[in-house]
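See structure below.
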Amino acid sequence: MARLKQQYDSDGYFGIGIFHSAEEQNIGTLWRSAYILGASFIFTIGRKYRKQSSDVTKAWSRIPLYYYEDFDEFKKSIPYSSAIVAVEMTDTAVPLESFEHPKRAVYLLGNEADGLPPTVVSQCHKTVVIPGDYSLNVAVAGSIIIYDRGTKVKTSLPGRPG
Ligand SMILES: C[S@@+](CC[C@H](N)C(=O)[O-])C[C@H]1O[C@@H](n2cnc3c(N)ncnc32)[C@H](O)[C@@H]1O
């Protein structure tokens with residue numbers, strides 16, 4: 001059999017999404033960051049997204065958004081051999097500075113008012129927290145997490161030499 005000559009930059013991927021987001025704008029902002037910072041897809045659970053006209057990158061036309069009715073449907077649909085990472089302020093979460101991102105990761109953010117329910121966090125494979133006494137805006141939190149991934153995981157950031 002011939003050997004594979006094609007070279008690949010990266011051997012991983014990630015997606016990111018929000019559980020029961022209450023604000024359309026946060027989904028749009030996260031979508032834009034996700035596209036710019038190298039995500040393969042984004043998703044929402046429990047809320048469909050309606051297009052905003054303000055996104056100059058047209059992120060909606062670059063990477064797909066998936067919609068799941070509830071957490072169970074989402075869990076059944078995640079890509080093979082990928083880890084769900086809860087992004088949440090919990091006592092047992094790993095601080096972002098020392099967090100090791102899984103090669104194949106699906107990051108899950110919580111609702112603007114209530115965060116992720118403990119029953120959802122307990123079903124995720126890992127939990128990561130961004131240091132600070134107050135919670136960040138959900139799209140900001142997601143953007144920081146995936147930027148951090150880009151600095152730690154090989155060639156995860158587009159346009160960067162490996
Ligand atoms: C505005 S926060 C929810 C705050 C909510 N009032 C609470 O205390 O649970 C919305 C989401 O942003 C993310 N988030 C915000 N700040 C965070 C932090 N410091 N570390 C990890 N996730 C954070 C989490 O996914 C959270 O569920």
Side-chain angles (χ1 to χ4, degrees), residues 10-50 52 55 59-60 62-153 156-158:
S10 167
D11 56 358
Y13 58 81
F14 70 96
I16 187 163
I18 310 179
F19 181 85
H20 288 260
S21 178
E23 292 187 33
E24 212 74 51
Q25 204 173 356
N26 284 332
I27 302 172
T29 302
L30 183 66
W31 204 342
R32 183 171 173 165
S33 296
Y35 164 56
I36 292 170
L37 295 171
S40 298
F41 63 92
I42 77 158
F43 61 90
T44 61
I45 302 175
R47 181 190 170 118
K48 284 190 175 159
Y49 173 74
R50 287 170 47 213
Q52 296 173 68
D55 179 0
W60 53 268
R62 317 272 186 184
I63 58 169
L65 176 141
Y66 299 104
Y67 164 70
Y68 307 102
E69 289 218 334
D70 54 33
F71 183 74
D72 286 342
E73 191 195 350
F74 160 73
K75 224 177 124 185
K76 280 188 219 147
S77 313
I78 62 162
Y80 174 74
S81 187
S82 58
I84 305 174
V85 179
V87 180
E88 195 50 86
M89 300 173 83
T90 71
D91 292 343
T92 55
V94 179
L96 185 57
E97 314 90 270
S98 54
F99 186 73
E100 289 181 27
H101 296 265
K103 275 189 182 172
R104 297 166 299 282
V106 183
Y107 299 95
L108 179 60
L109 296 144
N111 165 276
E112 289 82 350
D114 307 318
L116 284 174
T119 51
V120 165
V121 174
S122 66
Q123 293 180 70
C124 296
H125 301 98
K126 291 171 180 263
T127 305
V128 60
V129 61
I130 303 162
D133 292 337
Y134 300 97
S135 64
L136 297 150
N137 166 277
V138 63
V140 171
S143 303
I144 290 172
I145 293 289
I146 58 178
Y147 174 75
D148 181 78
R149 178 189 174 89
T151 66
K152 293 175 181 170
V153 179
S156 177
L157 276 180

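Residue numbers start at 1 and run along the sequence shown.
- For the pair His101 and Leu96, the minimum side-chain heavy-atom distance is below 4.5 Å.
- Counting only heavy atoms from C-beta outward, the side chains of Ile18 and Ile27 approach each other to under 4.5 Å.
- By the 4.5 Å heavy-atom criterion applied to side chains, Tyr68 and Ser77 are counted as neighbours.
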side-chain contact (heavy atoms from CB on, under 4.5 Å) between Asp148 and Ile130, intermediate numbers included: CA-CA 10 Å; Asp148 181 78; Ile130 303 162; over 6 Å; no

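- The minimum heavy-atom distance linking Pro64 with Ser40 is given by the pair CD-O, 3.4 Å.
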Working for side-chain contact (heavy atoms from CB on, under 4.5 Å), residues Leu30 and Ile16: CA-CA 8 Å; Leu30 183 66; Ile16 187 163; 4.1 Å; yes

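- Nearest heavy atom pair, residue Asp70 against residue Ile45, reads C-CG2, 3.5 Å.
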Residue pair Ile63, Phe41: steps toward the side-chain contact (heavy atoms from CB on, under 4.5 Å) verdict: CA-CA 5 Å; Ile63 58 169; Phe41 63 92; 5.6 Å; no

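- Rounding to the nearest 0.5 angstrom, the gap separating the CD1 atom in Ile84 from the CD1 atom in Ile78 is 4.0 Å.
- Lys152 places a side-chain N or O within 3.5 Å of a backbone atom of Phe99 that can act as its donor or acceptor partner.
- We find the OG1-CG distance between Thr44 and Leu109 to be 12.0 Å, quoted to the nearest 0.5 Å.
- Between Ala105 and Val85 the shortest heavy-atom distance is CB-CG2, 4.4 Å.
- Annotation for Glu69: atom CD does not count as buried by contact number, only 12 or fewer foreign heavy atoms lying within 6.0 Å.
- Residues Arg104 and Pro79 form no side-chain contact, since every pair of their non-hydrogen atoms from C-beta on lies 4.5 Å or further apart.
- Val153 has its side chain out of reach of Phe14: every pair of non-hydrogen atoms, C-beta onward, lies at least 4.5 Å apart.
- No side-chain heavy atom of Val129 sits less than 4.5 Å from a side-chain heavy atom of Thr90.
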From CA spacing to verdict: side-chain contact (heavy atoms from CB on, under 4.5 Å), Tyr49, Ser21: CA-CA 9 Å; Tyr49 173 74; Ser21 178; over 6 Å; no

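- A donor-acceptor distance shorter than 3.5 angstrom exists from the side chain of Glu112 to the backbone of Ala22, with no hydrogens or angles considered.
- The shortest non-hydrogen separation linking Glu88 to Ala93 is O-CB, 3.7 Å.
- No donor-acceptor pair under 3.5 Å is formed between the side chain of Arg47 and the backbone N or O of Tyr67.
- Minimum interatomic distance between Glu97 and Pro131 (heavy atoms only, all atoms of both residues): OE1-CG, 3.1 Å.
- Here the closest heavy-atom approach between residue Tyr13 and residue Ser82 is recorded as OH-CB, 3.9 Å.
- Note: Ser81 OG to Lys103 NZ = 10.5 Å, rounded to the nearest 0.5 Å.
- With contacts defined as side-chain heavy-atom distances shorter than 4.5 Å, the pair Phe71/Thr119 does not qualify.
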